[in-house]
Amino acid sequence: MAQDKPVRVRFAPSPTGYLHVGGARTAIYNYFFAKATGGTFYLRIEDTDRKRYNEEALKDLMRDLKWLGLQWDEGPGCEGGCGPYFQSERLDIYHREIQKLLDSGDAYYCFCTEERLQEVRAAQEKAGVSVTGYDRHCRNISREEAEARIAAGEKAVIRFKVPETGVTEFDDMIRGHIEYQNELLDDLVLIKRDGYPTYHFASVVDDHLMGTTHVLRGDEWISSTPKHMLLYKAFGWEPPKWVHLPVILDKNGGKLSKRKGAASVGDFRDLGYLPETLVNYLALLGWNPGDDREVMTVKEMVDCFTLERINPKSASFDEKKLQWMNGQHIHQCDDEFLAGFMMEGLKAKGINVDGEPKERIAEIVKLLKPRAHFMQDLADQSVYFFVAPATYDEKGKSKQWGPGSKEIASAVRNALANVETFTTPNIEKAFMDLTVSRGCKLGDLVGAVRLAVSGVTAGPGLWELFEVVGKEETLRRIDVALPMMG
RNA sequence: GGCGAUAUCGUCUAGUGGUCUAGGACGCUGGCCUCUCACGCCGGUAACAUGGAUUCGAAUUCCAUUAUCGCUACCA
């Protein structure tokens with residue numbers, strides 16, 4: 001399947017809401033495909049619905065795409081030769097192009113009102129006819145009459161004159177050959193009453209004019225593709241290659257929606273996922289590299305990306321696996337980056353870490369890194385290295401601070417007090433010696449003091465933990481907790 | 001209703017007529033490691049939607065059925 005011309009693909013969102021992970025994945029595949037083939041990835045804003053336009057959504061959209069690392073080669077902010085990249089700024093182009101269709105007789109003015117359309121629809125429903133849609137009431141109004149009526153102030157839309165017979169077929173790169181009977185298609189609106197183009201018209205005109213070679217879009221567009229094919233034909237343009245992507249469903253096979261949980265890129269960022277994780281996971285949801293690799297960098301994925309390995313089946317989003325993958329990516333982050341993220345998190349909690357030695361921060365990151373599943377785990381779990389616990393885990397209290405624990409904790413405290421150089425090996429030795437002299441197990445010694453020093457029952461190895469907290473502070477925290485023990 | 005797409009473990013997937021008593025990953029689970037929790041390592045669990053047809057042979061091809069999703073807007 002040789003590419004005769006350089007690949008040009010686009011992500012063409014409508015700025016009506018947040019960037020849904022499904023949309024994000026469409027953007028990812030477009031981006032991967034462009035990068036894998038040395039082509040161009042451009043961003044086009046489909047803002048032809050003035051009622052649903054949302055300025056905030058547009059800003060978020062671009063921010064989230066950038067956060068994911070999907071920087072466009074052309075588009076808002078980096079104009080290329082095919083702008084403008086906002087459809088709302090291309091109205092003159094659509095009006096110029098529609099004239100061609102009007103001239104050739106492939107499009108016509110339609111004066112039907114919303115009310116009449118509704119009546120037609122209702123009647124069709126009642127009659128139970130199989131073919132529904134616009135009844136082509138205005139199809140045969142002459143151009144002269146139509147223009148006269150418009151000149152007289154009547155409002156109209158412009159519809160496409162779809163052939164009444166025949167078959168329209170196209171090949172989808174991941175689904176193969178698809179055919180539609182033209183008689184099932186209705187005369188879709190091309191230019192709306194407000195003068196704006198519909199999606200169908202604008203996307204066809206733009207994909208052609210902007211040189212799109214492959215259209216990668218959600219599979220909800222499959223049924224519209226024959227209409228788009230017919231438009232290309234009417235214009236005499238060569239259609240792009242079609243690549244309809246499967247959708248992403250939630251755990252239960254329903255739509256992934258905000259109401260049911262996280263659904264947008266921003267949601268997952270707030271939850272503590274790395275962009276690398278999200279891109280990796282989303283890419284693997286419906287595509288595979290051809291081998292067993294799963295945790296991959298963008299470069300690794302781009303290097304082996306092909307459209308042929310995209311699955312036609314829609315996939316359920318599994319947040320458990322996402323979590324696991326985030327842990328994997330956190331393990332691969334360099335410590336310095338994690339340290340920066342951790343310190344910001346601590347600052348946000350009101351903990352001043354400015355004076356902390358770099359080595360100490362690095363040591364903490366080293367201890368916490370293999371335990372982190374979310375980025376905020378770093379800050380959340382490191383608080384006790386900087387501030388003594390104000391409260392203690394309730395379950396831990398009843399389990400670790402029961403009868404006899406005070407005596408054990410005191411013994412540990414005294415043993416620790418005698419450790420001159422408070423380092424991990426020395427601390428460990430103190431504990432070991434204590435098990436010998438007391439004739440007990442290590443497990444008997446650690447629970448109570450871990451809770452006393454950290455406030456929680458889970459965490460890094462105790463010796464390391466104590467070393468980083470420091471001798472004086474460790475002893476002090478044990479002293480504070482001693483009276484609470486039984 | 002009509003049209004279309006899809007159909008392998010709970011989930012993501014490998015698999016393109018024999019090497020499949022179906023492989024990997026997440027999850028769940030047993031164990032190892034061990035001062036806790038993680039990490040890591042070893043093992044287990046679990047699937048070709050159904051019915052026909054083609055074929056010496058089908059998860060793989062074809063046809064039905066079923067189920068799910070999508071479209072059926074002057075929304076994208």
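As a basis for the values below, the full set of heavy atoms in this structure was taken, side chains included, without hydrogen atoms, waters or symmetry mates. So you know, we letter chains A, B, ... as the sequences are listed, proteins then strands, and number each from 1. Bear in mind the structure is a predicted one, so any value in this text is a computation, not a measurement.
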Open item on the list: Check the orientation of A:F317 and A:Y281. Use parallel for under 30°, tilted for 30 to 60°, and perpendicular for over 60°.
Closed with: perpendicular
Open item on the list: Can you tell me if A:T198 touches the phosphate of B:A73, counting only side-chain N or O atoms and a distance under 4.0 Å to OP1 or OP2?
Closed with: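 No, because none of the side-chain N or O atoms of A:T198 sits under 4.0 Å from OP1 or OP2 of B:A73.
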Open item on the list: Whether A:K192 contacts B:A76 is assessed here as follows: a side-chain N or O lying under 4.0 Å from the phosphate OP1 or OP2. Is that the case?
Closed with: yes
If I pick the [atom1] atom on [M] and the same atom on [N], what distance separates them, to the nearest angstrom?
N     : M     : atom1 : value
B:A5  : B:G44 : C1'   : 38 Å
B:A25 : B:A14 : C1'   : 11 Å
B:C41 : B:G51 : P     : 41 Å

Name each donor-acceptor pair under 3.5 Å that joins a side chain in residues 454-463 of chain A to protein atoms two or more places apart or in another chain, with its distance.
unit_1 : atom_1 : unit_2 : atom_2 : d
A:S454 : OG     : A:R450 : O      : 2.9
A:S454 : OG     : A:V456 : N      : 3.2
A:S454 : OG     : A:V456 : O      : 2.9

Open item on the list: Checking ring pair (Phe, Tyr, Trp, His ring centres under 6.0 Å) between A:Y29 and each of A:F11, A:F305, A:W287, which is the one that passes?
Closed with: A:F305
At under 4.0 Å between heavy atoms, what does [X] touch on the DNA or RNA strands: base, sugar-phosphate, or nothing?
X      : result
A:L451 : nothing
A:V157 : base
A:K255 : sugar-phosphate

- [ ] Starting from the 5' end of RNA chain B, give me the residue, A:G253 or A:V129, whose nearest nucleotide shows up first.
- [x]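 Mapping each residue to its closest nucleotide by heavy atoms, the 5'-most match is A:V129.
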Open item on the list: Could you walk me through whether A:S88 and A:Y196 satisfy the side chain to side chain donor-acceptor pair (under 3.5 Å) test, starting with their C-alpha distance in whole Å, then the side-chain angles of each, then the deciding distance to 0.1 Å, before giving a yes or no?
Closed with: CA-CA 8 Å; A:S88 59; A:Y196 279 71; 5.7 Å; no
Under a 3.5 Å cut-off for both distances, is [N] Watson-Crick or wobble paired, and to whom?
N     : result
B:U16 : none
B:G30 : B:C42
B:A53 : B:U61
B:A5  : B:U68

If a pair satisfies salt bridge (Lys or Arg N to Asp or Glu O under 4.0 Å) and one of its residues is in [range], list it, with sequence neighbours excluded.
range                       : value
residues 250-263 of chain A : A:D250-A:K260, A:K251-A:D318, A:K258-A:D267
residues 171-180 of chain A : A:R175-A:D219
residues 281-292 of chain A : A:D291-A:R293

- [ ] Spell out protein contact along nucleotides 35-42 of chain B as letters: B when the base is contacted, S when just the sugar-phosphate is, - when no protein heavy atom is under 4.0 Å; keep the 5' to 3' order.
- [x] BBBBSS--
TODO: If a protein heavy atom is under 4.0 Å from the base, mark B; if only from the sugar-phosphate, S; if neither, -; do that for nucleotides 3-14 of chain B going 5' to 3'.
DONE: SSSSSS--SBSS
